[in-house]
Amino acid sequence: MPDFAITNAALFTVNASDEVIPRGTLLVQGGHITALGPVESVSVPPGVEIIDAEGMALLPGLVDCHSHSSLMRGVTENMQLMDWLPWYQLEHRAMTEEFAYHSARLCYLEALKSGTTCVMDMFRFMHRCVDAAADVGLRVNLAPYVADAPGKDFFASREENRALIHSHHESQGGRIRVWMGLEHLFYCTEEAYRDALRCQRDYGVGIHTHACEQKEEDAAVLAHFGRRSIAQLDHYGILGEHTLIAHCVWLNDEEIRRLADTGTSIAHCPISNAKLASGVARVPAMLAAGITVGLGTDGPVCNNSLSLFEEMKFASLIQKATGLDATALPAAQMLRMATLDGARALGLGDEIGSLEVGKKADLLLLDVTQPNLAPVDIDHRGGNLLWNLVFAAGTQNVSAVWVDGRQLIRDGQATRVSEASLVQEVQHQGLELFRQCRAISHLRSSML
């Protein structure tokens, strides 16, 4: 991969001191950041390509800690979670390897064009998701949708998950990481959790699951298991530094302390939680307890959008509104959650998530000359641009994206795939998936 330097950009490092360099240069060699600082302090070796980023802001690539690839955008609407789930499951009953491949290609492209460089994807037929990641170039963590409880055989199996670890973990130059993916307490047997722990021990992989998404769900868990969700997961032994739990909307104080004590991370999905009327997670309390909290989109099927810019803004505003506290989750905190904290939640904090020497060059270049970010007044603390990156910026500002130093977005367009051809293929596949889901729905209704 070619070496290059980006110069004259405002560098938002998201390092330990949240350093902002109003006019800086960042040097990439061998896919890693080898130098950065004020323009006058960084020497660019002869022959290295220089990218003049005047009027641009350079950030670490955004990290989506919880998503589900899907073609079912805008189909299951106006439903609360427990009503929504049976309709969502139609997609998985109809899912094929080909549908999975096109779902992942679409979602990975949308993520990249939104400035996201790393995604945690929980989906089906994930060996085809690996193919999609290779096409588009995204860094992807794969957690197969494992469910082994009776009646849930249309999800992934534990054997599939283990095979994916053997075949694809740390493939594509380390950009692909495989996790043990457990759908939910009601979908997985106790043996599935035990098996996940064995794989974690044997292969050093993480565990990803859902919990405490809706109040009624947690009440049902208590009635069935005699324990609330976090206590039941703790009973199974999966809480820990290599476990990431999505949602966690309905945590009490004791559960927050327990997650903090075990080092368990949380993927916060505010827009999905609002859209499915699940509630508002206690993020300020989680952060105060020391829990690592990243942001997740939860995928297009229950969000409609894969933009982490939208997640940053909404996550902050919903806490301000519900807590009647205008100081809740300020811009610097939100940017950190969307970058370095997300990377830490995925066990990648030493590799990506901030602009620091030695880290992989997962980079996001934003055009700050667009009307939605003007005027710009930047200083060493970020100035008004820091706030506008969270509360005003959007996918329209994404100019360039790199993963491992490979440029995947140039002038807002993908470099590795034809966007028009990809969307045309997805249009055909999506309509066919809709048709098959409707057929399954009618068949099941006639059997009732």
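Computed over heavy atoms, backbone and side chain alike; hydrogens, waters and symmetry mates excluded.
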Query - Trace of the salt bridge (charged side-chain N to carboxylate O under 4.0 Å, His left out) decision for Glu98 with Arg128 - result: CA-CA 8 Å; Glu98 192 70 5; Arg128 296 309 316 276; 3.7 Å; yes

Requested in this report: Indicate yes or no: at least one non-hydrogen side-chain atom of Lys359 is less than 4.5 angstrom from one of His32.
Outcome: no

Query - Ala338 versus Leu295, closest heavy-atom pair with distance - result: CB-CD1, 4.0 Å

Requested in this report: For Gln172 and Val130, indicate whether the former's side chain and the latter's backbone hold a donor-acceptor pair under 3.5 Å.
Outcome: yes

Query - Sidechain N-carboxylate O distance under 4.0 Å for Arg344, Asp341 - result: yes

Report summary line: The ring-ring contact (aromatic ring centres under 6.0 Å, His included) partners of His68 (sequence neighbours excluded) come to His66, Tyr145, His210

Query raised in the report: Side chains of Arg416 and Leu408: does their closest heavy-atom pair fall under 4.5 Å?
Result: yes

Report task. Go through the steps to decide whether Leu364 and Val398 satisfy the test side chain to side chain contact (heavy atoms under 4.5 Å, CB included), and finish with yes or no. Result -> CA-CA 7 Å; Leu364 166 59; Val398 175; 3.9 Å; yes

Query raised in the report: Side chains of His184 and Glu217: donor-acceptor distance under 3.5 Å anywhere?
Result: yes

Report task. Among Asp131, Asp135, Thr96, find the one that has a side-chain hydrogen bond (donor to acceptor under 3.5 Å, both in side chains) with Tyr101. Result -> Asp135

Report summary line: Nearest heavy-atom contact between Pro22 and Val20 is CD-O, 3.5 Å

Query raised in the report: Can you name the one residue among Glu311, Arg73, Lys275, Glu310 that meets side-chain hydrogen bond (donor to acceptor under 3.5 Å, both in side chains) with Asn303?
Result: Glu311

Query - For Tyr187, ring-ring contact (aromatic ring centres under 6.0 Å, His included) partners two or more places apart - result: Phe155

Query raised in the report: Would the number of heavy atoms belonging to other residues, nucleotides or ligands and lying under 6.0 Å from NZ of Lys313 be above 12?
Result: no

Query raised in the report: Do Asp64 and Thr297 pass the side chain to side chain donor-acceptor pair (under 3.5 Å) test, and can you show the C-alpha distance, the side-chain angles, and the key distance before you say yes or no?
Result: CA-CA 7 Å; Asp64 187 342; Thr297 61; 2.7 Å; yes

Query raised in the report: Under a 4.5 Å cut-off applied to non-hydrogen side-chain atoms, are Arg23 and Glu54 in contact?
Result: yes

**Report entry** side-chain hydrogen bond (donor to acceptor under 3.5 Å, both in side chains) partners of residues 400-414, not counting sequence neighbours, each pair once
**Finding:** Arg139-Asp404, Arg175-Asp404, Gln407-Arg410

Query - Criterion side chain to side chain contact (heavy atoms under 4.5 Å, CB included) on Gln200 and Thr243, from CA distance to verdict - result: CA-CA 10 Å; Gln200 187 177 73; Thr243 293; 4.1 Å; yes

Report summary line: Closest non-hydrogen contact found for Val28 with Ala361 is CG1-CB, 3.7 Å

Report summary line: d(Ile266 CD1, Cys248 SG) to nearest 0.5 Å is 4.0 Å

Query raised in the report: Val44 versus Thr7: any side-chain heavy-atom pair under 4.5 Å?
Result: no

Query raised in the report: Just by modelled atom types, is the Trp84 backbone N or O under 3.5 Å from a matching donor or acceptor in the Thr76 side chain?
Result: no

Query - Whether over 12 other heavy atoms sit under 6.0 Å from His242 NE2 - result: no

**Report entry** Backbone of Leu340 reached by a side-chain donor or acceptor of Ser354 within 3.5 Å
**Finding:** no

Query raised in the report: Is the backbone of Ala392 close enough, under 3.5 Å, to the side chain of Asn372 for a donor and an acceptor to pair up by distance?
Result: yes

Query raised in the report: Who are the ring-ring contact (aromatic ring centres under 6.0 Å, His included) partners of His166, not counting sequence neighbours?
Result: Tyr203

Report task. Could you walk me through whether Asp52 and Asn8 pass the side chain to side chain donor-acceptor pair (under 3.5 Å) test, one step at a time? Result -> CA-CA 6 Å; Asp52 187 352; Asn8 294 322; 3.1 Å; yes

**Report entry** Aromatic plane relationship, Phe125 with His127 - under 30° parallel, 30 to 60° tilted, over 60° perpendicular
**Finding:** perpendicular

Query raised in the report: Within the distance-only criterion (no hydrogens, no angle test), does the side chain of Lys113 pair as donor or acceptor with the backbone N or O of Gly412 below 3.5 angstrom?
Result: yes

Report summary line: Closest non-hydrogen contact found for Phe4 with Val48 is CA-CG1, 3.5 Å

**Report entry** Pro330 backbone acceptor or donor facing Gln333 side chain under 3.5 Å
**Finding:** no

**Report entry** Smallest separation among heavy atoms of Pro270 and Ala315, with atom names
**Finding:** CG-CB, 3.7 Å

Requested in this report: Output the distance between atom CD1 (Ile6) and atom CD1 (Ile33), rounded to the nearest 0.5 Å.
Outcome: 9.0 Å

**Report entry** Side-chain touch Leu109/Glu419, heavy atoms, less than 4.5 angstrom
**Finding:** yes

**Report entry** 4.5 Å side-chain heavy-atom contact, Cys269 and His247
**Finding:** yes

Query - Non-hydrogen atoms of Trp179 and Val205 that approach each other most closely - result: CA-CB, 4.5 Å

Requested in this report: Take Arg435 and Glu432, measure what salt bridge (charged side-chain N to carboxylate O under 4.0 Å, His left out) needs, and give me the verdict at the end.
Outcome: CA-CA 5 Å; Arg435 187 191 68 78; Glu432 177 60 22; 2.7 Å; yes

Requested in this report: Name all residues meeting the ring-ring contact (aromatic ring centres under 6.0 Å, His included) criterion together with Trp250; count only those two or more places apart in sequence or in a different chain, and write none if there are none.
Outcome: none

Query - Chi angles and distances behind the side chain to side chain contact (heavy atoms under 4.5 Å, CB included) call for Thr264, Leu233 - result: CA-CA 11 Å; Thr264 306; Leu233 293 174; over 6 Å; no

**Report entry** Donor-acceptor contact present, side-chain His102 to main-chain Val426, <3.5 Å
**Finding:** no

**Report entry** Glu254 atom CD: more than 12 heavy-atom contacts under 6.0 Å
**Finding:** no

Query raised in the report: Can you list the steps and then say if Glu91 with Val75 is a side chain to side chain contact (heavy atoms under 4.5 Å, CB included)?
Result: CA-CA 11 Å; Glu91 178 184 18; Val75 176; over 6 Å; no

Report summary line: So side-chain hydrogen bond (donor to acceptor under 3.5 Å, both in side chains) across residues 316-325, not counting sequence neighbours, yields Asp325-Thr327

Requested in this report: Determine whether Tyr88 and Met72 make a side-chain contact, defined as any pair of heavy atoms from C-beta on separated by less than 4.5 Å.
Outcome: no

Query raised in the report: Side chains of Phe12 and Leu366: does their closest heavy-atom pair fall under 4.5 Å?
Result: no

Requested in this report: Please answer whether the main-chain N or O of Asn397 pairs with a side-chain N or O of Asp367 as donor and acceptor at a distance below 3.5 Å.
Outcome: no

Report task. Could you walk me through whether Ser114 and Thr116 pass the side chain to side chain donor-acceptor pair (under 3.5 Å) test, one step at a time? Result -> CA-CA 6 Å; Ser114 303; Thr116 298; 5.8 Å; no

Requested in this report: Test side chain to side chain donor-acceptor pair (under 3.5 Å) on Ser69 and Asp121 and set out the steps.
Outcome: CA-CA 7 Å; Ser69 287; Asp121 192 11; 2.7 Å; yes

Requested in this report: Evaluate whether atom CG of Asp350 has more than 12 neighbouring non-hydrogen atoms of other residues, nucleotides or ligands under 6.0 angstrom away.
Outcome: no

